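Take a look at the structure below.
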Amino acid sequence: MAFFNLTPSDPSTFILKGIPGLEAAHIWISIPFSIFYIIGLLGNFTVLFVVGKEQTLHKPMYLLLCMLAVTDIGISTSTVPNTLCIFWFYLKSITVGGCLTQTFFLHAVYTMHSAVLVTMAFDRYVAICNPLRYTTILTNARIAKLGLVGLIRAVVFILPMPLLLSRLPFCTNRIIPHTYCDHIAVAKTSCGDITVNRMYGLVIVFLVIGFDLTLIVLSYGLIIRAVLRISSKKTHQKALNTCTAHICVVLISYVSVLFTTLTHRFGQGIAPHVHIILANLYVLLPTMLNPIIYGVKIKELRDKVGKNICRM
């Protein structure tokens, strides 16, 4: 296997160690990883295919589902193939440029993913609190513009991350105890002061995740207030069903990434392999579960998926 590994002292590469302490179990760990990844790809590409093919689904809510599917595919694909290459083929070396590119792409796509979740919360707010103006407030063109704003925000906020990493002096032994190039994991291999990197990472967590979560909570606070003013239990149930899928996706997406981010910085008592497994789960689980949740909860989408499967 030495053929696949460049020496750690090679100044143009990093060495991704995989899951520290569980190297002997990499093959077994790769089985659920690959299953989750394949299920996630199938589910998200199915959503994209069905929404793209069915004209009746060319509505803001389903366009947002497509954006969510694209970001889910981007998050998992930026890391999982590389992780599986480590597990299966011992391809642990990655160039400095490749590592910084992976760092940027992963965090930028997740930031875009967060923006999509905020837009979906706004969509639910308008649909429940101002239904008569829904079609005028949320048009397909406006959804596209909001998506573009989310993309620009992601690039502006995340671009400094690889730039800050590129200025660091790295040690001769460039081993990253991780399965992919996470911002802090790469910074910790430096021989220099990484205070700026740590602070910027935390600022991004609070500016992006904190701000976006605040907007989502505010949206649902207004939704709950509007629903409580309505006496009809049937209306209450309909509003709850409309929001349940999005609430589940928000919980899966934010709880996993917040737990991973905070334990990676402050959970010194947690074993390294637990950090790495959690970091991979926050990449894999939302990608796999999001299309399943929406497929189960949204009847119109579920019916269209069933119709296309029957046709094939």
Side-chain angles (χ1 to χ4, degrees), residues 8 13-22 26 29 33 36-37 71-72 74-87 91-114 154 157-168 170-171 173-190 192 194-209 253-268 270-287:
T13 64
F14 289 110
I15 301 297
L16 290 166
K17 194 173 181 180
I19 303 179
L22 297 178
H26 276 178
I29 296 171
F33 275 39
F36 291 172
Y37 180 56
T71 57
D72 281 335
I75 290 170
S76 59
T77 302
S78 66
T79 62
V80 178
N82 189 66
T83 299
L84 293 178
C85 283
I86 294 171
F87 290 168
L91 293 171
K92 298 184 177 184
S93 64
I94 184 170
T95 64
V96 173
C99 191
L100 298 183
T101 300
Q102 186 182 55
T103 299
F104 169 76
F105 190 76
L106 171 64
H107 292 286
V109 176
Y110 183 81
T111 303
M112 180 66 188
H113 179 91
S114 183
F157 280 178
I158 302 303
L159 187 59
M161 278 189 177
L163 296 179
L164 288 171
L165 287 174
S166 66
R167 71 173 182 79
L168 290 174
F170 288 101
C171 304
N173 194 14
R174 298 183 171 203
I175 297 177
I176 302 173
H178 211 304
T179 56
Y180 57 84
C181 291
D182 179 70
H183 172 238
I184 292 299
V186 176
K188 284 181 177 179
T189 65
S190 172
I194 63 169
T195 303
V196 175
N197 298 76
R198 287 181 178 275
M199 292 302 298
Y200 190 76
L202 285 175
V203 167
I204 291 299
V205 168
F206 288 110
L207 277 182
V208 174
I209 299 178
S253 299
Y254 286 116
V255 170
S256 58
V257 73
L258 276 173
F259 188 75
T260 302
T261 301
L262 295 177
T263 55
H264 199 66
R265 287 170 170 80
F266 306 114
Q268 282 78 15
I270 300 176
H273 66 270
V274 176
H275 281 296
I276 309 307
I277 290 173
L278 288 173
N280 280 279
L281 287 179
Y282 105 74
V283 167
L284 284 165
L285 286 183
T287 301

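The structure presented is a predicted model; accordingly, all values stated were derived computationally and were not measured. Just so you know, residue 1 is the first one in the sequence shown, and it goes up from there.
- Annotation: side chain of Thr189 is not in contact with side chain of Ile175 (no heavy-atom distance under 4.5 Å).
- With a 6.0 Å radius and a threshold of 12 heavy atoms from other residues, nucleotides or ligands, Phe105 has its CZ atom at or below the threshold.
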| request: In sequence, state the C-alpha distance, the side-chain angles, and the governing distance for Thr179 and Asn280, and then conclude on side chain to side chain donor-acceptor pair (under 3.5 Å). | output: CA-CA 8 Å; Thr179 56; Asn280 280 279; 3.0 Å; yes

| said: I'd like to know whether Arg198 forms a side-chain contact (heavy atoms from CB on, under 4.5 Å) with His183, so could you lay out the CA-CA distance, the side-chain angles of the two residues, the decisive distance to 0.1 Å, and finally the verdict. | reply: CA-CA 9 Å; Arg198 287 181 178 275; His183 172 238; over 6 Å; no

| Given Ile176 and Val186, is the side-chain contact (heavy atoms from CB on, under 4.5 Å) satisfied, shown in steps? | CA-CA 6 Å; Ile176 302 173; Val186 176; 3.9 Å; yes

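- To the nearest 0.5 Å, atoms CD1 (Ile209) and OG1 (Thr111) are separated by 8.0 Å.
- Between Pro162 and Ile158, the shortest heavy-atom distance links the atoms CD-O, 3.2 Å.
- Summarising the geometry, atom SG belonging to Cys85 is positioned 11.0 Å from atom CG belonging to Leu16; distances are rounded to the nearest 0.5 Å.
- Each of Leu100, Leu165, Thr101, Thr103 was checked for a side-chain contact (heavy atoms from CB on, under 4.5 Å) with Cys181, and the lone residue meeting it is Thr103.
- Under the 30°/60° scheme for interplanar angles, the aromatic rings of Phe87 and His26 are found to be tilted.
- Inter-residue side-chain proximity for Val109 and Phe104 is flagged as unmet; no heavy-atom pair is nearer than 4.5 Å.
- Rounding to the nearest 0.5 angstrom, the gap separating the CE atom in Met199 from the CG atom in Leu164 is 12.5 Å.
- You'll find the side chain of Ile204 reaches within 4.5 Å of the side chain of Met161, heavy atoms only.
- Two residues are said to be in side-chain contact when any heavy atoms from C-beta on lie closer than 4.5 Å; Tyr200 and Pro160 meet this criterion.
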| field | Audit row: Leu106, Thr79, side-chain contact (heavy atoms from CB on, under 4.5 Å) steps and yes/no | value | CA-CA 8 Å; Leu106 171 64; Thr79 62; 3.9 Å; yes

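- Val196 is listed as a side-chain neighbour of Arg167, based on a closest heavy-atom distance under 4.5 Å.
- Judged purely by distance below 3.5 Å, without hydrogens or angles, the side chains of Tyr180 and Ser78 never pair a donor atom with an acceptor atom.
- In this structure, the separation between CG on Leu168 and NZ on Lys188 is 14.0 Å, given to the nearest 0.5 Å.
- At least one side-chain heavy atom of Pro20 sits less than 4.5 Å from a side-chain heavy atom of Ile276.
- Heavy-atom minimum distance, Leu163 versus Ser166: O-OG, 2.7 Å.
- Of all non-hydrogen atoms in Thr287 and Ser76, the two that sit nearest each other are CG2-OG, 3.6 Å.
- For Ser114 and Tyr254, the side-chain atoms include at least one donor-acceptor pair closer than 3.5 Å.
- Taking the six-membered ring for Trp and thresholds of 30 and 60 degrees, Tyr110 and His113 have nearly parallel ring planes, at less than 30 degrees apart.
- Atom CD1 of Ile29 sits about 4.0 Å away from atom CD1 of Ile19, to the nearest 0.5 Å.
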| task | Might you work through the side-chain contact (heavy atoms from CB on, under 4.5 Å) test for Ile15 and Ile94, ending with a clear yes or no? | result | CA-CA 6 Å; Ile15 301 297; Ile94 184 170; over 6 Å; no

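- Taking CG from Leu84 and CG from Leu91, the interatomic distance works out to 11.5 Å, rounded to the nearest 0.5 Å.
- Minimum interatomic distance between Thr77 and Tyr37 (heavy atoms only, all atoms of both residues): OG1-OH, 3.1 Å.
- In terms of heavy atoms, Thr13 sits closest to Arg174 at O-CD, 3.2 Å.
- Across all their heavy atoms, Pro177 and Lys17 have their closest contact at CA-CB, 4.0 Å.
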